[in-house]
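Residue numbers count from 1 along this sequence. Just so you know, these numbers come straight off a predicted model, no measurement behind them.
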Amino acid sequence: MHYWIPGAVAATLLLSGCSLWPAAEKTAVNEQRIAELNIPAGLKAPKKPGQYDLPAKVAAGVSPEQMDLRAPMQVLAVATNARVEEEEKEARVWFERSEFTGDLMPYLQNNINSFFSKNTIDATHPQQLQWQTDWVSSYQETGWWLWKGQELTQQSKFNVVLEPRSHGRTIAVQVKLQEHKYTDETQKLTPISQRREEVHFLNRIIDHIATVELAAIREAKAKLPDVLLTRAVNDKQEPVMLTTQPIDVAWSQLELLLEKVGLEVTDLNQSDYVYYLKYIKAEQGFWDSIWGDEDLPELPLTAGEYQLSLSKTDKGTAIKIKDKDGKVLDQATLDAVYEVFAAAIRQGKLEL
């Protein structure tokens, strides 16, 4: 009689390992390129979309791991007067003259010089509208917590050029990489890496100019009176409210104002700049109570329908209010409405 010992069988299986199962056989794959389709004479070949084509180096046998497959960096025109032209291949951005720049050429020259100074970048002037930087270093963070440090990874020299249009109201800023070296000598500069370095440096310049511009905008706004809206009389001797803002700005700001004072917009005609309104007593909103905004005075109007129309004048924009019968509000009523509007403008910090 024979007795099986399960433990001995299990131990034998464990010791034998994977030898009980045959190793997977490697299947050889024969790669064959399909010949191009021969098009008979007189016929056109079908269109071949190229978005799925292999990069030329991969098709030639280079391993993808040995290539820089990162997406090209994009120029970020974050300044209000900056733009990038379509199909632009270079690291270039265009600046337009605005009310905050004044004469554009000295504005850009001063800002680029201040960018170099702020970032302690040495630069020379080989030509009048050109800067040549010294080595600009890039670092990466190493270590962790109390042992954090900075390690030099690469250095670059850039050429910054201003390219004005003939009329002088538009000027391009272009960045070109002149020299480059990695700390790791085994790394090689690829076309994508070169563009990334150029665009990154250009974006730093744009960001600096945008910061200066934002400070100028805030300073200009701080000098403005808190309420631009005044009371006036039009050429028909009708009482109106007058703002120095352009009609499109006044139109957009009024939409915010009307909601605050309890005037519901039931319809509008932007072509003729007319708001059709329904007066509802203003109630304090949830967020007003959270942030502690004061209640606005109530409009001296009876509940019902009204029209508010805007018109251009040589001094800005005139605002007229009519009742449902088309009658313009009298001077006393408009004066009282103006006081409520002015309080709402101050509270909401509107540009009216």
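- When the shell of 6.0 Å around NE2 of H200 is examined, it contains 12 or fewer heavy atoms from other residues, nucleotides or ligands.
- Cluster annotation: I345 is connected to Y338 through the hydrophobic network of ILVMFWY side chains, with a link wherever side-chain heavy atoms come within less than 4.5 Å.
- At least one side-chain heavy atom of W251 sits less than 4.5 Å from a side-chain heavy atom of L310.
- No donor-acceptor pair closer than 3.5 Å links the side chain of T101 to the backbone N or O of L104.
- Contact check on E96 versus R169 returns no salt bridge, with no Lys/Arg side-chain nitrogen under 4.0 Å from an Asp/Glu carboxylate oxygen.
- Using modelled atom types, no side-chain atom of R231 and backbone atom of V240 make a donor-acceptor pair closer than 3.5 Å.
- When all heavy atoms of A318 and T313 are compared, the pair lying nearest together is CB-CG2, 3.7 Å.
- I321 and V274 fall into different hydrophobic clusters, where Ile, Leu, Val, Met, Phe, Trp and Tyr side chains are chained together by heavy-atom contacts under 4.5 Å.
- Rounding to the nearest 0.5 Å gives a distance of 7.0 Å between NZ of K176 and CD of Q194.
- For the residue pair D272 / N269, a side-chain donor-acceptor distance below 3.5 Å is found, with atom types taken as modelled.
- Donor-acceptor pairing under 3.5 Å is recorded for the side chains of T80 and E213.
- Between Y306 and L301, the shortest heavy-atom contact is OH-CB, 3.6 Å.
- V75 and I112 end up in the same hydrophobic cluster when Ile, Leu, Val, Met, Phe, Trp and Tyr side chains are linked at under 4.5 Å.
- Residue-environment remark: CD (Q128) stays at or below the threshold of 12 foreign heavy atoms within 6.0 Å.
- The aromatic rings of W144 and W147 lie tilted to each other, with the angle between the two planes from 30° to 60°.
- Using a 4.5 Å heavy-atom cutoff, the side chains of Y139 and T153 are not in contact.
- Between E179 and K157 a salt bridge is recorded (basic side-chain N to carboxylate O distance below 4.0 Å).
- Within the 4.5 Å cutoff, side-chain heavy atoms of Q331 are placed close to those of V233.
- For the atom pair K327 NZ and L329 CG, the distance stands at 9.5 Å (nearest 0.5 Å).
- Counting only distance, with no hydrogens or angles, the side chain of D184 and the backbone of T186 share a donor-acceptor pair below 3.5 Å.
- A 4.5 Å side-chain heavy-atom check between H125 and W131 finds at least one atom pair inside the cut-off.
- Between atom NZ of residue K181 and atom CD of residue Q155 there is a gap of 4.5 Å, rounded to the nearest 0.5 Å.
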Please assess T170 against H167 for the test side-chain contact (heavy atoms from CB on, under 4.5 Å), listing each intermediate value before the final yes or no.
CA-CA 7 Å; T170 305; H167 50 69; 3.3 Å; yes
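- Counting only heavy atoms from C-beta outward, the side chains of L228 and Q245 approach each other to under 4.5 Å.
- Between the side chains of D267 and Y275, no donor N or O sits under 3.5 Å from an acceptor N or O.
- Using a 4.5 Å cut-off on side-chain heavy atoms (C-beta onward), N234 and K320 make contact.
- If you take CZ on F95 and CG on L162, they are separated by 9.5 Å, rounding to the nearest 0.5 Å.
- Contact detail for L43 and I39: the closest heavy-atom pair is O-CG2, 3.3 Å.
- There is no side-chain donor-acceptor pair under 3.5 Å between N113 and Q109.
- Contact detail for S137 and L152: the closest heavy-atom pair is CB-CD1, 3.6 Å.
- Side-chain contact, S114 with S117: no donor N or O sits under 3.5 Å from an acceptor N or O.
- For the pair Y276/E305, no side-chain contact is recorded, criterion being any heavy-atom separation below 4.5 Å from C-beta on.
- Heavy atoms of other residues, nucleotides or ligands lying less than 6.0 angstrom from CD of E255 number 12 at most.
- Looking only at distances, a side-chain donor or acceptor of R195 sits under 3.5 Å from a matching main-chain atom of K89.
- In summary, of the residues considered (V93, V199, N203, L202), a side-chain contact (heavy atoms from CB on, under 4.5 Å) with L76 occurs for N203 alone.
- Between the side chains of T124 and Q132, no donor-acceptor pair of N or O atoms lies under 3.5 Å.
- L334 is connected to I319 through a chain of hydrophobic side-chain contacts under 4.5 Å among Ile, Leu, Val, Met, Phe, Trp and Tyr, so both are in one cluster.
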If you apply the rule side-chain contact (heavy atoms from CB on, under 4.5 Å), what do you find for F341 with L263, and how did you get there?
CA-CA 11 Å; F341 275 25; L263 287 167; 4.2 Å; yes
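- The line from NZ of K148 to CD of Q150 is 9.5 Å long, rounded to the nearest 0.5 Å.
- A distance-only check finds no donor-acceptor pair linking the side chain of T243 to the backbone of T317 [under 3.5 Å].
- Test V265, L268, L277, L257 against L308 for side-chain contact (heavy atoms from CB on, under 4.5 Å) and you get one pass: L277.
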Start with the C-alpha gap between Y182 and S193, add the side-chain angles, then the distance that decides, and say whether side-chain contact (heavy atoms from CB on, under 4.5 Å) holds.
CA-CA 11 Å; Y182 287 108; S193 296; 3.9 Å; yes
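- Two residues are said to be in side-chain contact when any heavy atoms from C-beta on lie closer than 4.5 Å; Q174 and N159 fail this criterion.
- Follow the hydrophobic side-chain contacts under 4.5 Å out from F116 and you reach I209 in the same cluster.
- With salt bridges taken as basic N to acidic carboxylate O contacts below 4.0 Å, none links E198 and R92.
- One side chain, E197 or Q154, offers a donor N or O that lies under 3.5 Å from an acceptor on the other.
- No side-chain donor from either of D122 and W135 sits under 3.5 Å from a side-chain acceptor of the other.
- Relative orientation of the F201 and F158 rings is parallel, given thresholds of 30° and 60° on the angle between their planes.
- Heavy atoms only, all atoms of each residue included: T133 and S156 are closest at OG1-O, 4.5 Å.
- In this structure, CG on D134 lies 10.0 Å from CD1 on I121, to the nearest 0.5 angstrom.
- A pairwise comparison of heavy atoms in A77 and V84 identifies CB-CG2, 4.1 Å as the closest pair.
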